[in-house]
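What follows is a short report on a single structure.
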Protein chains: 2
Amino acid sequence: MADAAGVSRGTVSRVLNGKANVSLSAETAVRRAVAETGYVVNRAARSLVTSRTGSIVMVLSEPQERLFEDPNFSVLMRVATNQLADRDMSLVLMIAGDDGGRDRVARYLRGGHADGALLISTHAGDPLLDEIERAGLPAVAQGAVLGRESVIPYAAADERGGARAMAEYLVDQGRRKIGMITGPLDTPGGSLRLEGFTSVLGRKAGKQMIVHGDYTQAGGESAMRKLLQNVPDLDAVFVASDLMAAGALQALHAAGRRVPEDVAVGGFDDSAIASATRPALTTVRQPLAKVAEETVRLLIALLEDEEVEPVVLPTELIIRDSA
Amino acid sequence: MADAAGVSRGTVSRVLNGKANVSLSAETAVRRAVAETGYVVNRAARSLVTSRTGSIVMVLSEPQERLFEDPNFSVLMRVATNQLADRDMSLVLMIAGDDGGRDRVARYLRGGHADGALLISTHAGDPLLDEIERAGLPAVAQGAVLGRESVIPYAAADERGGARAMAEYLVDQGRRKIGMITGPLDTPGGSLRLEGFTSVLGRKAGKQMIVHGDYTQAGGESAMRKLLQNVPDLDAVFVASDLMAAGALQALHAAGRRVPEDVAVGGFDDSAIASATRPALTTVRQPLAKVAEETVRLLIALLEDEEVEPVVLPTELIIRDSA
DNA sequence: GTGAAAGCGCTAACAT
DNA sequence: ATGTTAGCGCTTTCAC
């Protein structure tokens with residue numbers, strides 16, 4: 001390569017890395033040679049000397065079943081690959097759904113195989129978090145990591161605000177007995193949406209009005225059954241995800257309740273399923289693509305040693321037929 | 001590391017790579033030292049000398065909108081990361097949705113940055129295919145790549161058979177005017193499901209009975225409208241994906257047709273949405289996880305220079321309420 | 001069975 | 001502004 005351009009290896013390297021102190025003629029010669037020979041740098045060799053890998057890991061901390069269904073995640077993936085590709089970095093995917101997976105990810109990170117980590121739906125108390133902190137690896141999360149909000153920067157939708165908007169809407173519609181089906185409380189979507197809900201309902205959000213789900217459709221269905229059992233005269237329910245809401249609709253249908261006449265149902269996410277259910281779901285739209293973009297932007301900033309602050313983006317109430 | 005174990009670097013390498021000619025005592029010493037020092041091999045250095053990268057690329061050739069909604073894809077991803085992680089390989093994700101993306105992937109492959117490629121929903125005639133062939137890179141596809149069935153091994157569901165089963169079922173139910181909404185014809189799901197359908201309906205599958213969709217819900221909805229316009233007395237429709245079928249249900253509802261009384265609707269995939277629609281979809285279940293497993297198994301076999309044959313797995317008719 | 005040593009392709013420090 | 005050179009950490013001959 002250096003021969004083909006008639007310059008030294010050092011100069012080739014300088015051109016390829018955009019370093020200063022290269023004459024125009026040398027640069028032209030190198031670029032021409034690169035084009036002619038189809039030369040591509042060997043990343044392994046570069047990585048060996050720079051000790052940067054040019055790749056970042058996307059860590060999915062999710063029990064298997066959710067991965068099948070989560071819409072957020074594919075958006076983030078798309079945005080992340082695109083945005084990283086622009087900087088010639090690549091995205092490595094790892095799943096830390098169980099101990100074995102977490103171990104693998106930890107080994108991988110410890111091995112210095114990645115320059116940074118993108119944390120997806122990491123639960124509070126995940127041992128991986130200590131590992132990352134100890135390794136001093138730049139990391140950002142999509143959605144706040146509960147309890148680590150100040151150490152791990154994140155971008156997220158305004159979970160609390162979105163939930164509050166939905167709760168207020170249901171109240172404004174004249175609903176009096178409003179229940180909630182939450183997500184797992186160790187996820188921000190689980191606890192923050194609940195917080196938003198109770199901040200509006202106050203003491204009316206009694207213990208028997210709240211049932212915890214697991215973000216699956218089947219989970220939403222059984223949670224709804226339980227809620228109906230707890231509170232037979234329920235007239236509205238706020239479900240923390242559209243998928244669970246779809247399950248809740250089925251349970252309500254099976255119980256002979258009309259939606260929205262007898263029971264109003266509010267979802268969260270505005271995922272594809274929201275407009276497919278019957279009745280179509282009134283829900284809270286999350287600006288997923290924007291959240292994903294911001295998440296990646298934060299990581300890139302971190303890699304360049306810039307200061308970063310968490311980003312919280314506004315949600316939007318989408319009114320359809322279920323409430 | 002070599003010092004810590006009291007042996008030479010060469011011996012350490014032999015132990016770590018499971019090579020022969022290592023005494024038990026040396027092996028024990030090395031393993032102990034590894035455990036004590038927390039040593040992890042430097043992949044870049046290894047890669048530099050072996051010229052294997054230890055990673056494989058998953059190439060998603062999909063216009064952006066589908067990625068949001070495709071269920072197959074996350075299953076494959078999960079299976080692939082797990083299965084590759086078992087062999088200490090990592091999965092790099094690339095999206096080749098447009099020319100820019102394709103270029104990036106091509107550059108990446110040409111640069112020898114991956115040991116193999118996992119092709120997802122690659123369309124017939126994708127220029128990337130030539131690139132891969134030229135580079136001699138081991139590659140397998142999920143779903144047949146139309147026109148390259150014999151050069152690119154693949155694992156897939158029996159698209160044709162599944163479609164045939166659905167068509168036969170609709171006929172057996174006494175339906176006479178059966179339409180179809182297909183996927184894009186340059187995808188195996190598009191053309192093979194159509195083939196299965198016409199193989200049963202024969203000349204009854206006239207041109208105006210077939211409308212092409214794009215696998216999106218909105219596309220299914222508009223395709224259904226068009227179909228109703230073409231054939232007002234339609235009494236059944238086979239839709240090539242559940243998501244499009246959800247759209248079709250909405251169009252039918254809007255047109256005042258009852259499902260299944262007036263029009264029977266059959267879907268394909270048995271994805272999460274199939275049981276969420278009302279009425280719940282009668283559909284064709286694809287063994288996604290199995291397909292994903294087989295796809296990865298094929299690639300691994302290929303990496304080890306074994307002979308591989310395409311794998312086609314049986315589908316199953318799932319009868320619910322829509323037909 | 002094991003050590004010594006060459007070298008993978010690159011970057012960065014040092015000369016010039 | 002550019003060439004020269006010393007490694008980066010590993011695997012792999014080649015001796016022994």
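Quick note on labels: first sequence line is chain A, next is B, and so on, each numbered from 1.
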Got a sec, which residues hit ring pair (Phe, Tyr, Trp, His ring centres under 6.0 Å) with A:Tyr108, two or more places apart in sequence or on another chain?
-> A:His113
Nucleotide C:dG9, atom C1' - distance to NE2 of B:His113 in whole Å = 13 Å
When you measure from the side chain of B:Thr37 to the backbone N and O of B:Ala33, does any donor-acceptor pair fall under 3.5 Å?
-> yes
Short side-chain to backbone donor-acceptor contact, A:Thr81 and A:Arg78, under 3.5 Å = yes
B/S/- contact track for nucleotides 11-16 of chain C, protein heavy atom under 4.0 Å | BBB---
Taken to the nearest whole Å, CG/A:Asn42 to C1'/D:dC8 is 13 Å
Side-chain (A:Glu133) to main-chain (A:Glu131) donor-acceptor, under 3.5 angstrom | no
Are OP1 or OP2 of C:dC8 and a side-chain N or O of B:Ser47 less than 4.0 angstrom apart?
-> no
May I ask you to decide if B:Val291's main-chain N or O and B:Thr295's side chain share a donor-acceptor pair within less than 3.5 Å?
-> yes
From the candidates D:dA1, C:dG1, C:dG3, the one with an atom nearest any side-chain atom of A:Asn21 is D:dA1
Kindly say if B:Ser8 contacts the phosphate of C:dA4, meaning a side-chain N or O under 4.0 Å from OP1 or OP2.
-> no
Answer yes or no: does atom CD of B:Glu309 have more than 12 heavy-atom neighbours from other residues, nucleotides or ligands under 6.0 Å?
-> no
NA contact type, A:Ala26, heavy-atom cut-off 4.0 Å: base, sugar-phosphate, or nothing?
-> sugar-phosphate
Would you mind reading off the distance between A:Asp3 atom CG and D:dG3 atom P, rounded to a whole angstrom?
-> 11 Å
Short side-chain N/O contact from B:Ser23 to OP1 or OP2 of C:dT2, under 4.0 Å = yes
Return the value, rounded to whole Å, for the distance between atom CG of A:Leu48 and atom P of C:dG7.
-> 17 Å
